[in-house]
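To start, the structure under review is shown below, and the notes come after it.
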2 protein chains.
Amino acid sequence: MQFENAQAEKKYYETEASEADFIKWYKSQDLPKYETPSVTIDNVMFSYNREEDQMKMLLIKRKAHPFKDSWALPGGFVNPSESTGESCLRETKEETGVELTELNIEQLYTFSTPNRDPRGWVITTSYLAFLNQEALTAGDDASDVKWFNIQLKGDQLCLSADDIEIQVDIKKEEMLDESPERLAFDHVKIISTAFNRIIGKMYYQPRVLTVLGESFTITEARKVFSKFLGVDYRTIDHSNFKKDLLKFVKEVDERPTGVGRPSKFYALNIPYLK
Amino acid sequence: MQFENAQAEKKYYETEASEADFIKWYKSQDLPKYETPSVTIDNVMFSYNREEDQMKMLLIKRKAHPFKDSWALPGGFVNPSESTGESCLRETKEETGVELTELNIEQLYTFSTPNRDPRGWVITTSYLAFLNQEALTAGDDASDVKWFNIQLKGDQLCLSADDIEIQVDIKKEEMLDESPERLAFDHVKIISTAFNRIIGKMYYQPRVLTVLGESFTITEARKVFSKFLGVDYRTIDHSNFKKDLLKFVKEVDERPTGVGRPSKFYALNIPYLK
DNA sequence: CGAATAGTGTCTTTAAGACAATATGCC
DNA sequence: GGCATATTGTCTTAAAGACACTATTCG
């Protein structure tokens with residue numbers, strides 16, 4: 001990282017000033033600034049509804065230009081006092097009321113193509129966020145907030161809510177032309193990247209399972225995995241799946257009732273998510 | 001992504017203006033701006049010297065405050081007309097004279113902890129860059145540019161050049177106290193992240209092999225891998241290693257002379273690096 | 001030919017996957 | 001008991017790893 005402000009700095013460092021003195025001096029200067037971009041975060045937020053056995057992703061309908069009436073990922077500006085990760089946690093709280101920790105989120109990728117926002121220079125760092133509940137505060141008046149059911153068939157992702165359908169090819173990173181709904185900005189790319197990341201990492205760092213909250217059964221984990229593999233969960237062999245998963249979880253005692261043999265409960269081993 | 005500038009925008013979108021009209025109007029406004037950070041890229045650049053059988057990483061000695069006399073990763077400001085990836089390629093060219101492509105680089109992580117730069121708000125997106133030659137233009141007068149030999153023993157990374165030694169624990173992401181040299185900013189974290197990423201991905205996306213240029217032998221690939229595994233390359237079984245590697249490479253005809261049976265040459269299959 | 005190095009083949013061990021058998025709780 | 005569901009165990013198949021053998025070139 002270089003941050004040479006040419007003349008002024010150079011003159012200064014040639015004196016044998018201390019670091020502290022330098023900073024004090026530096027901040028007192030009103031140095032000519034480089035042009036700087038707006039920096040935002042975009043959240044690819046997931047939740048899982050046990051009753052419906054549905055994996056869901058949050059999108060917001062834009063009521064303002066640009067991309068008026070298109071669907072967009074929730075997000076917002078990064079504040080000078082916070083890291084992008086903290087920004088992601090704050091936005092999630094504001095948007096859904098859910099308080100997450102660093103274990104529930106993962107930095108995805110930073111998108112910075114010039115003109116990705118028609119209004120000007122905006123760089124965004126995207127995050128995966130896994131909520132342990134399908135919670136939602138009322139959308140503000142500028143937006144229409146919806147949890148979309150996700151369904152994968154091969155490389156094709158279908159997002160649906162009520163009568164709305166959005167279809168994406170997550171390898172080509174583009175929408176299928178059929179769907180009348182649009183995605184704003186480069187959010188097709190972000191969403192595609194998100195799914196590819198989750199699919200690629202779930203067998204060695206299954207952070208996606210934090211959608212199941214504190215504890216869960218093997219079968220629930222199978223169901224979550226099946227959503228990203230695009231298969232029925234029963235095609236994932238319980239016995240073999242458990243062998244794999246045991247590397248990442250520990251048994252916790254908790255045995256609720258229900259039909260059939262009660263299942264054991266497991267919790268994720270924190271160290272594997274770091 | 002939200003970019004609500006409150007009143008002004010709201011008033012406008014309520015009219016039924018087109019998107020193009022909106023942008024024209026928007027740019028004509030001199031809207032109050034949020035505070036924006038400087039955005040930089042930092043490069044973790046690697047090269048491999050066949051003669052010495054040495055993997056190398058580039059560091060620059062800072063001659064100015066802050067972190068005067070510490071070693072830092074090469075990098076620089078992102079321009080409004082370029083993505084961070086393009087910025088990385090440009091900086092690499094400026095710093096070393098080597099012209100890379102997107103296949104040689106990989107976005108690593110975006111670091112944004114407040115106060116990571118004592119001068120103010122600076123966010124950096126870090127990149128891995130694999131040069132196919134140990135090239136270097138003369139360092140400018142503000143810097144002392146050196147290729148450090150890298151050596152791993154377990155989690156301990158040792159960077160050495162001439163009589164200089166820098167030791168890092170790449171799991172704890174901190175320097176060992178012994179070494180008198182310092183690393184600037186949060187570059188210990190960036191470097192640690194870089195090694196962990198390379199190690200984690202080399203068996204399923206061995207982009208690191210682009211340090212070997214257009215074509216290479218199995219043994220050369222073993223040598224490169226061994227540097228990141230912290231072992232002698234002869235402990236990596238040639239036969240088994242080849243079985244793995246064949247998934248990612250194709251044979252090219254080229255057979256130079258030398259002692260021993262001449263080895264076949266291979267080139268990376270581009271699709272695996274995308 | 002012998003040393004050096006690369007390539008190929010085989011055997012063993014381990015992990016992955018398919019499938020069957022057993023266990024538990026509710027009705 | 002019968003059904004539903006979960007757990008456990010076994011057998012088969014495929015991948016990973018260790019190791020031995022063959023091939024090619026140079027001096």
Side-chain angles (χ1 to χ4, degrees), chain A residues 48 50-53 199-206 209 212 215-226 228-268 272, chain B residues 48 50-53 199-206 209 212-226 228-268 272:
Chain A
Y48 174 72
R50 281 178 160 91
E51 288 73 45
E52 302 172 26
D53 183 25
I199 294 164
K201 284 188 80 168
M202 65 187 185
Y203 278 108
Y204 74 94
Q205 196 187 52
L209 293 179
L212 293 171
S215 67
F216 50 85
T217 66
I218 300 292
T219 299
E220 285 169 344
R222 280 163 70 203
K223 287 178 177 173
V224 168
F225 269 52
S226 71
F228 291 95
L229 295 172
V231 299
D232 185 287
Y233 83 95
R234 283 161 299 196
T235 65
I236 303 173
D237 184 271
H238 186 103
S239 169
N240 298 330
F241 183 79
K242 183 173 180 173
K243 266 190 283 187
D244 291 342
L245 199 64
L246 281 179
K247 288 184 283 223
F248 303 110
V249 299
K250 55 175 183 294
E251 203 177 326
V252 293
D253 44 77
E254 188 180 346
R255 292 280 192 118
T257 182
V259 66
R261 176 172 175 173
S263 60
K264 294 181 179 173
F265 277 74
Y266 299 87
L268 283 162
Y272 287 107
Chain B
Y48 174 72
R50 281 179 160 89
E51 289 73 45
E52 301 173 26
D53 183 24
I199 294 165
K201 284 187 80 168
M202 65 187 184
Y203 278 107
Y204 73 96
Q205 196 188 54
L209 293 179
L212 293 170
E214 284 296 296
S215 66
F216 50 86
T217 67
I218 299 291
T219 299
E220 285 168 344
R222 280 163 69 202
K223 286 178 177 173
V224 168
F225 268 53
S226 71
F228 291 95
L229 296 172
V231 298
D232 186 287
Y233 83 95
R234 284 162 299 195
T235 65
I236 303 173
D237 185 90
H238 186 102
S239 170
N240 298 329
F241 184 78
K242 183 173 180 174
K243 266 190 284 186
D244 291 342
L245 199 64
L246 281 179
K247 288 183 284 224
F248 304 110
V249 298
K250 56 176 184 292
E251 204 177 326
V252 293
D253 45 77
E254 189 179 346
R255 293 281 192 114
T257 182
V259 68
R261 176 172 175 173
S263 60
K264 294 180 178 174
F265 277 74
Y266 299 86
L268 283 163
Y272 288 108

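To find a chain, count down the sequence lines: A is the first, B the second, and so on, and within it residues start at 1. Side chains are part of it too, since the values below use all heavy atoms of this structure and drop only hydrogens, waters and symmetry mates.
Rounded to an integer number of Å, the gap from B:K242 NZ to D:dT22 C1' is 13 Å. Computed from coordinates, the B:H238 NE2 to D:dA16 P distance equals 17 Å when rounded to whole Å. Atom C1' of nucleotide D:dG17 and atom OH of B:Y203 are separated by 12 Å, given to the nearest angstrom. Put simply, CG on B:L245 is 17 Å from P on D:dA15, counting in whole angstrom units. Between A:E220 atom CD and D:dT5 atom C1' the separation is 13 Å, expressed in whole Å. Between B:D237 atom CG and D:dA20 atom C1' there is a gap of 11 Å when expressed in whole angstrom units.
Taking the 5' to 3' direction, DNA chain C first and last meets chain B under 4.0 angstrom from a heavy atom at C:dA4 to C:dG9.
Residues B:K250 and B:L268 approach most closely at NZ-O, 3.5 Å, considering heavy atoms. Nearest heavy atom pair, residue A:E251 against residue A:K264, reads OE2-CD, 3.2 Å. Considering every non-hydrogen atom in both B:F248 and B:Y204, the closest pair reads CE2-O, 3.3 Å. For the pair A:V252 and A:A267, the tightest heavy-atom approach, listed with the atom from each and the gap, is CG1-CB, 3.9 Å. Nearest heavy-atom pair across B:M202 and B:F225 is O-CZ, 3.3 Å. Scanning both residues, A:Q205 and A:Y272, for their nearest heavy atoms gives CG-O, 3.1 Å.
Looking only at distances, a side-chain donor or acceptor of A:R222 sits under 3.5 Å from a matching main-chain atom of A:I236.
B:T217 comes within 4.0 angstrom of nothing in the nucleic acid, heavy atoms only.
Annotation: of the two residues near DNA chain D, A:R261 and A:S239, the 5′-most nearest-nucleotide partner is A:R261. Map B:K243 and A:N240 each onto its nearest nucleotide of DNA chain C; the residue landing nearer the 5' end is B:K243. Both B:Y266 and A:V259 lie near DNA chain C, and the one whose nearest nucleotide falls closer to the 5' end is B:Y266.
A:K264 has a side-chain polar atom (N or O) that falls below the 4.0 Å cut-off from OP1 or OP2 of D:dT8.
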